[in-house]
Protein chains: 2
Amino acid sequence: MLVSLPSFARVVAELSKLPGVGSKTAARLAFHLLRTTDRDVEALAEALLEMKRKVGFCRRCFHIAEEELCRTCRDPARDSSRLCVVQEPQDLLAIERSHAYRGLYHVLHGALSPLDGIGPDDLKIPQLLQRLQEEQIEEVLLATNFTVEGEATALYLAGLCKQQGVIVTRLAHGIPSGSDLEYIDAGTVQQAVNGRREL
Amino acid sequence: MLVSLPSFARVVAELSKLPGVGSKTAARLAFHLLRTTDRDVEALAEALLEMKRKVGFCRRCFHIAEEELCRTCRDPARDSSRLCVVQEPQDLLAIERSHAYRGLYHVLHGALSPLDGIGPDDLKIPQLLQRLQEEQIEEVLLATNFTVEGEATALYLAGLCKQQGVIVTRLAHGIPSGSDLEYIDAGTVQQAVNGRREL
């Protein structure tokens with residue numbers, strides 16, 4: 001950036017730290033913010049600070065929460081015998097949007113990735129095992145991503161959970177809704193054939 | 001968004017106001033900010049507020065400036081007989097990066113667009129005409145974008161500037177560096193042929 005204004009350059013530098021925001025996008029956002037009203041920029045800055053001050057993680061499931069426990073953990077209507085394990089809070093939200101699950105959650109905050117030096121103790125896996133011992137859990141639904149890391153994490157957790165005597169399930173693998181078989185990758189089709197169901 | 005946390009939802013709402021940021025991207029950024037340190041988020045919020053407090057527009061050319069006049073206008077080494085007219089501060093920076101121009105600038109802050117109700121008085125056009133009368137300007141280089149609005153603005157300004165007796169020039173239209181003729185649109189090739197130069 002050729003901009004010699006320190007305060008402008010600082011905003012560009014800070015915005016560039018965000019994921020998916022390069023210096024060009026950061027400059028475009030900064031120019032946009034220069035053009036908006038003072039109130040809009042103050043609202044954004046205050047919202048950021050307030051969120052950072054108020055939002056933490058649920059003591060039990062590690063989803064984001066403004067109180068000690070998140071809304072799901074505080075909801076007595078939830079089926080506390082089922083636990084769905086996800087990588088990130090966003091994944092929890094994706095499952096909630098499906099309205100197909102009424103149990104509790106456990107957010108790992110990542111997946112196992114030995115190449116990046118991420119082992120079980122870097123995730124909320126010890127806390128998961130503790131919950132399996134303390135809570136009356138009958139089923140653990142593994143809903144980590146269908147990537148190499150997510151699959152490896154599911155496999156690892158399946159072994160640990162079975163040792164605790166709970167039923168371990170995994171999200172179904174198959175053809176997504178609304179899709180054309182022609183364009184689906186062979187691995188997914190293979191999984192869909194192998195996992196075929198009788199109608 | 002299913003997130004019921006008001007402070008999180010507020011950050012998503014504020015970030016969604018940025019150009020090119022939809023609610024999904026906003027949520028991804030907000031989750032990222034939740035995971036970073038307090039100091040990083042404070043640095044971003046403070047940078048935004050400081051920029052908004054300090055940065056305004058140059059009284060003379062309307063480029064962004066922390067003082068009354070921008071750095072270009074304050075630079076005595078600049079050729080004050082030439083004036084380059086651009087739509088936005090970003091465009092000024094693009095020309096500065098080329099190191100091909102040493103004159104002064106005038107930032108219009110937009111282009112004429114009758115369909116959007118943007119006429120000459122919504123841009124810094126009256127201020128441009130005033131500068132042409134008050135300053136000793138010999139050449140006006142029209143560097144508005146090569147879009148319908150930018151071209152229309154250049155045409156409109158060319159007429160006004162010629163009335164003031166200054167030489168009016170326009171950025172050359174042609175084939176960009178490093179490009180393959182095969183893939184250039186016909187309009188650009190046409191302009192390049194019509195504007196061919198003797199070597």
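Please read these numbers as outputs of a predicted model, since none were measured by experiment. Quick note on labels: first sequence line is chain A, next is B, and so on, each numbered from 1.
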Nearest heavy-atom contact between A/F8 and B/E66 is N-OE2, 4.4 Å
- Item | Same cluster (ILVMFWY, side-chain, under 4.5 Å), A/F146 and A/L141 | yes
Scored by heavy-atom pairs under 4.5 Å with chain B, the best of A/H109, A/R28, A/E50, A/K54 is A/E50
Check your understanding: Are there more than 12 heavy atoms of other residues, nucleotides or ligands under 6.0 Å from atom NZ of A/K162?
Key -> no
So if you build clusters from Ile, Leu, Val, Met, Phe, Trp, Tyr with side-chain heavy-atom gaps below 4.5 Å, do B/I95 and B/F62 land together? yes
Turns out that what part of A/A13 lies under 4.5 Å from chain B's heavy atoms comes down to neither
Counting heavy-atom pairs under 4.5 Å with chain A, the top scorer among B/L92, B/L15, B/V11 is B/V11
Group every Ile, Leu, Val, Met, Phe, Trp and Tyr by side-chain heavy-atom contacts under 4.5 Å, then state whether A/V148 and A/L115 land in the same group.
no
Note: vs chain A, highest number of non-hydrogen pairs under 4.5 angstrom among B/L18, B/V21, B/L34 is B/L34
- Could you tell me whether a side-chain N or O of A/K52 sits under 3.5 Å from a main-chain N or O of B/T36, the two making a donor and an acceptor? yes
Note: A/S7 and B/V55 closest approach over all heavy atoms is OG-CG2, 3.1 Å
Among residues 37-49 of chain B, those lying within the under-4.5 Å heavy-atom range of chain A are B/T37, B/D38, B/D40, B/V41, B/E42, B/A43, B/L44, B/A45, B/E46, B/A47, B/L48, B/L49
Check your understanding: Does the pair A/R35/B/E88 count as a salt bridge with the N-to-O cut at 4.0 Å?
Key -> yes
Is there a path of hydrophobic side-chain contacts, each under 4.5 Å between heavy atoms of I/L/V/M/F/W/Y residues, joining A/L132 to A/Y156? yes
Test of understanding: clusters of I, L, V, M, F, W, Y form through side-chain heavy atoms closer than 4.5 Å, transitively. Do B/V107 and B/L160 belong to the same one? no
In this structure, CG of B/L33 is separated from CE of A/M51 (nearest 0.5 Å) by 5.0 Å
